[in-house]
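I have placed the structure first, in the form of structure tokens, so that the comments after it can refer back to it.
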Amino acid sequence: MTRDIKTSLPPFLESLAPDSSVPYRNALFPASDDIPPVHVHWWPCKRVGVSPSTILLFIPGNPGMIDFYHPFLTAIHNQDRSGTLAILSHSHIGHDPAAPASHTPFNHALPFQIQNSLRIFDVMSIYFGANTRTVIAGHSVGSWVALQVLKLRSTAVAGVFFLFPTLTDIACTSNGRLLSRLFRPPFPRIVSQVARLLHLMPLTILCRLFPQYPISQARVLQSFLLSPSSIFAAMTMAHDEMLSIRELDVTTLDTYRHQIWFYFAETDDWVDQGRETILQVFKTDPGTVKVVHGHYEIPHAFCINHSEELAAVCYEWLVSGGFV
């Protein structure tokens, strides 16, 4: 494979507006199998003209807008000394205003989000071949989707990084109990329509409402809030999360314990007792699974202003796992 990976994309991606100021390529994964196109970011290998030895496939939380995560993934890419690490992140169906909106409500449900990740994983695997390893990283509900990909494509997955994982009984967590009713119909439709009024809100006011957000992340949040279809998709998917993420898949975690890494927050209102439920799976032999209990200041939404810290952890996992 001898293409100039700094100026071109893998052929299964469609380029969006190029931006020479960022180290990644802005693109779409096109529609296929009744699944609409989704927004992707692609970080090529630092070494020119080589095929990746490892691809880190990143699956976001909810809302599944990948612009929230590019500081985190860029920080991982910057640390790479092998020159053969590539990274691909993809949005969830309907969540990202950068991709054409999906107007079919059921397309936002978790089964379709799993199919979205699977089709991207499969195309990458076919194109790059057996000599390229794929490591999956998932944040929050993205961890649950990553677990399904591991279960269905176990022989082709080199490892999985679960970041603040919501793998069990999300409706029973503190935030689940507080917000689950808001995600039920008709609220997603009502909230998404009321959000049209936010076009009247300048960015300066939004920054005052979310003072912990850097200006770049506030702009991402603004683009989400100004997209009624994205709000509807995110809330509809959240409702499905409350219904579907219940009993922990102990069998899959136990079977692939040597291929998985966990990062937990000290306090996480989207995980709560799920952390202990997950760790109980490995109680008899805790040394077989890699677990980091995070610093108390790093929250569930780490991507807002703690990207560097998580990037350092994930890169260390890539090194210790022999992936770079």
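The shown structure was predicted, so the numbers you read here are calculated from the model rather than taken from an experiment. Just so you know, these numbers use all the heavy atoms, side chains as well, and skip hydrogens, waters and symmetry mates. Numbering starts at 1 and runs along the sequence shown.
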Between the CG atom in Asp96 and the OG atom in Ser229, the distance rounded to the nearest 0.5 Å is 10.0 Å
Exactly one candidate in Thr255, Thr252, Leu253 meets side chain to side chain contact (heavy atoms under 4.5 Å, CB included) with Leu150; the answer is Thr252
State whether the number of non-hydrogen atoms from other residues, nucleotides or ligands found under 6.0 Å of Asp19 atom CG is greater than 12. yes
query: In terms of hydrophobic clustering (I, L, V, M, F, W, Y; side-chain heavy atoms under 4.5 Å; direct or indirect links), are Phe210 and Leu198 co-clustered?
result: yes
* Asked: Between Asn62 and Glu241, does any side-chain donor sit less than 3.5 Å from a side-chain acceptor?
  -> yes
Item to check | Single-linkage hydrophobic cluster, 4.5 Å side-chain cutoff, Ile55 and Leu318 together | outcome: yes
Partner of His139 under ring-ring contact (aromatic ring centres under 6.0 Å, His included), picked from His300, His92, His306, is His300
- Task: Establish whether Val135 and Val313 are linked, either directly or via other cluster members, by ILVMFWY side-chain heavy-atom contacts under 4.5 Å.
- Result: yes
inquiry  = Closer than 3.5 angstrom, by distance alone: can the side chain of Lys46 be matched with the main-chain N or O of Asp80 as a donor-acceptor pair?
reply    = yes
To the nearest 0.5 Å, atom CD of Gln212 lies from atom CG of Asn305 at 7.0 Å
For Val191, the side chain to side chain contact (heavy atoms under 4.5 Å, CB included) test, sequence neighbours excluded, returns Leu182, Ile231, Met235
message = Quick one, Asp254 with Arg257, criterion salt bridge (Lys or Arg N to Asp or Glu O under 4.0 Å). Give me CA distance, side-chain angles, the key distance, then yes/no.
response = CA-CA 5 Å; Asp254 189 39; Arg257 60 169 61 205; 2.5 Å; yes
With the side chain counted from C-beta on, respond yes when Leu56 and Thr54 share a heavy-atom pair under 4.5 Å apart, and no when they do not. no
Thr168 (side chain) donor-acceptor with Arg246 (main chain) under 3.5 angstrom
yes
message = So does Ser91 get a backbone contact from the side chain of Asn116, meaning a donor-acceptor N/O pair under 3.5 Å?
response = yes
Output yes when Asp268 and Arg275 qualify as a salt bridge under the 4.0 Å nitrogen-oxygen rule, no when they do not. no
Transitive ILVMFWY side-chain link Trp42 to Ile66, under 4.5 Å
no
- prompt: Judged by modelled atom types alone, do Ser15 and Arg25 share a side-chain donor-acceptor pair under 3.5 Å?
  reply: yes
Any salt bridge between Asp67 and Arg219, counting N to O under 4.0 Å? no
So ring pair (Phe, Tyr, Trp, His ring centres under 6.0 Å) across residues 189-209, not counting sequence neighbours, yields none
Output for pair (Cys303 SG, His70 NE2), nearest 0.5 Å, gives 10.5 Å
Value for OG1 (Thr74) from CD (Gln79), rounded to nearest 0.5 Å, stands at 11.5 Å
ring-ring contact (aromatic ring centres under 6.0 Å, His included) with Tyr69: of Tyr24, Phe58, Trp43, only one passes, and it is Phe58
task = Decide yes or no on salt bridge (Lys or Arg N to Asp or Glu O under 4.0 Å) for Arg119 and Asp33, but give the supporting numbers first.
result = CA-CA 9 Å; Arg119 67 178 181 146; Asp33 302 323; over 6 Å; no
Between the CG atom in Leu221 and the CG atom in Leu226, the distance rounded to the nearest 0.5 Å is 9.0 Å
Rounded to the nearest 0.5 angstrom, the OH-CG distance for Tyr263 and Leu310 is 5.0 Å
